[in-house]
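Worksheet: the structure to be examined is printed underneath.
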Amino acid sequence: MKKKILVVGSGGREHALAWRLSRDVPSPELFCAPGNAGTAAIARNLPFAATDIPAITAWCAENRPDLVVVGPEAPLCAGLADALSAAGVKVFGPCAAAARMEGSKTFAKEIMNAAGVPTARSAAFTSPAEARAALPSFGLPVVIKADGLAAGKGVIIAQTAREAEEAIDSMLVDNAFGKAGAEVLVEEFLEGEEASILALVDGERAVLLPSSQDHKRVGDGDTGPNTGGMGAYSPAPVVTPEMLPRIRDTVILPVVRELAKRGIVYKGVLYAGLMIGPKGVNVLEFNARFGDPETEAVLMRVEGDFAAALEACADGTLSEDLVKVSPEPAATVIVASKGYPGPYEKGKAISGLEDAAAVPGAVVFHCGTARDSAGGTVTAGGRVLSVSACGADLRQAVDRAYAAVGKISFDGAFHRSDIAHRAFGR
Ligand code: AMP
Ligand code: GLY
């Protein structure tokens, strides 16, 4: 019997998850809620929002999937994994109490400090006067963070005391982030190079997927506003092979154990956003899910039975041999809509998808796309496509990804042209 697997979410990450699962042997019967035009080609899209916990739980109660894989943080923080587990459905993704590692930056700091995980010095405040009074002890620049989920916008790097005070007031006085900014962290600024580590966790054990690096700023040379990520590549050479077991033993596992001590079982992906620099390896943030666009690069390299690895996390039976990694590097270039990360138009016809997919080693993942009434593919988001490729070396992977990007066009399309520049600049 074919396995039945539901992937929850609608972005490039979820398309990559579904694509990777579709390559398992035998291939499972795949569903996506709600999915996009890309997942529609390999899975059946279900008309439920990723955060519609009652609808997803009811569908699972009726259709009994073997596994549900939850992509985004919002349903995890809202308790989708709890609801599915309670209904007897196997789920890959942490319960709400564990997802607070992403949902509350002050909680994540508390856990890191209790577990001795290296991270920037910080203090949490609800009083604007007390937060301002603490600023001098942090020097400049200083980082001001909203506690809760703020769609990637809740972190302000203040170059001057005045900017820091304005950031504190915007969160604590003017409620710019609503409830998410009702508490702020004032944090020491760390120098260095960032990297992402995605760890599969089964409540006790952890297996690290290959390292990667995101490109958060919208423009070449890391300029302009922050985005959800404009590209990624794997491996990130700033993470040396010797570092990986150390990151598992000093970052990932201490968090899993500290949570377990508090009665919280972490199952799913624990994503550590690291800063590697003069102060060693420090954690900037944890996420409770696969990164996007890191997943679109990393999963190009993950071999073996992927569903078995994810199920082992849910079952508490994870082992290293379940995850095999291809030595070929991978690169991902996001093609976005003009205006992103600000306002942008939707509904632009996309052409060249088949030619792009025909480039050797390339796979085009859809982020924000939809089918129009004529059956064509149109833009439906700021990040539209996640064009990935692997190659014999990173140069070939990047060249292939850009060759594929070159085949694609839609009105207002743009992309960064320097993905992996830090690796090439070494
Ligand atoms: P976060 O959501 O905590 O990862 O923050 C978003 C981005 O802000 C990170 O990817 C970093 O580029 C930057 N950032 C966050 N915290 C720090 C810090 N303590 N020092 C330097 N940069 C930081
Ligand atoms: N690419 C960063 C994230 O997924 O949070």
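Every number for a ligand or one of its atoms is a count from 1 in the order of the listing. Heavy atoms only: backbone and side chains are in, while hydrogens, waters and symmetry mates are out.
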task = Report the part of Tyr271 in contact with ligand 2, treating N, CA, C, O as backbone and CB onward as side chain, heavy atoms under 4.0 Å; options are side chain, backbone, both, neither.
result = side chain

ask   = Do Asp220 and His421 get their side chains close enough for a donor-acceptor pair, meaning under 3.5 Å?
value = no

query = Any heavy atom of Gly229 sitting closer than 4.0 Å to ligand 2?
reply = no

query = For atom 11 (C) of ligand 1, what is the nearest protein heavy atom, given as residue, atom name and distance?
reply = Glu194 OE2, 3.1 Å

ask   = Please state which protein non-hydrogen atom is closest to atom 20 (N) of ligand 1 and give its distance, to 0.1 Å?
value = Leu190 N, 2.9 Å

query = What are the atoms of ligand 2, with element, lying closer than 4.0 Å to any heavy atom of Asn287?
reply = 5 (O)

ask   = Ion pair present between Asp418 and Arg416, side-chain N to carboxylate O less than 4.0 angstrom?
value = yes

task = Check whether any heavy atom of Glu285 sits under 4.0 Å from an atom of ligand 2.
result = no

ask   = Side chain or backbone of Glu191 under 4.0 Å from ligand 1, or both, or neither, by non-hydrogen atoms?
value = neither

key: Where ligand 2 meets Asp214 - atom numbers and elements under 4.0 angstrom, heavy-atom basis   = 1 (N), 2 (C)

Which of the ligand 2 atoms, numbered from 1, are nearer than 4.0 Å to a heavy atom of Gly228 = 1 (N)

inquiry  = Does only the side chain of Leu284 get under 4.0 Å from ligand 1, or the backbone, or both, or neither? Count heavy atoms.
reply    = both

task = Could you tell me whether the side chain of Arg301 and the main chain of Pro210 form a donor-acceptor pair under 3.5 Å?
result = no

request  = Name the closest protein heavy atom to atom 7 (C) of ligand 1, giving the residue it belongs to and the distance to 0.1 Å.
outcome  = Val155 CG1, 4.4 Å

ask   = Are Thr332 and Ser388 linked by a side-chain donor-acceptor pair shorter than 3.5 Å?
value = yes

ask   = Which atoms from ligand 1 have a heavy atom of Lys216 less than 4.0 Å away?
value = 10 (O)

ask   = Which ligand 1 atoms does Ile157 reach within 4.0 Å, using its non-hydrogen atoms?
value = 13 (C), 22 (N)

query = Under 4.0 Å between a Lys/Arg side-chain N and an Asp/Glu carboxylate O for Lys145 and Glu187?
reply = yes

query = Do NZ/NE/NH1/NH2 and the carboxylate oxygens of Arg262 and Glu110 come within less than 4.0 Å?
reply = yes

query = Judged by atom type as modelled, is there a donor-acceptor pair below 3.5 Å linking the side chain of Asp147 to the main-chain atoms of Thr106?
reply = yes

Under 3.5 Å donor-acceptor, Arg248 side chain and Ala206 backbone = no

remark   = Val143 heavy atoms within 4.0 Å reach ligand 1 at atoms 16 (N), 17 (C), 18 (C), 19 (N), 20 (N)

key: Glu194 and Lys216 ion-paired at < 4.0 Å   = yes

ask   = For ligand 1, is any non-hydrogen atom under 4.0 Å from Asn226's backbone (N, CA, C, O), its side chain (CB onward), both, or neither?
value = neither

query = Between Asp315 and Lys90, is there a salt bridge with N-O shorter than 4.0 Å?
reply = yes

task = Mark up the atoms of ligand 1 that fall under 4.0 Å of a heavy atom belonging to Lys145, in ascending order.
result = 3 (O), 15 (C), 16 (N)

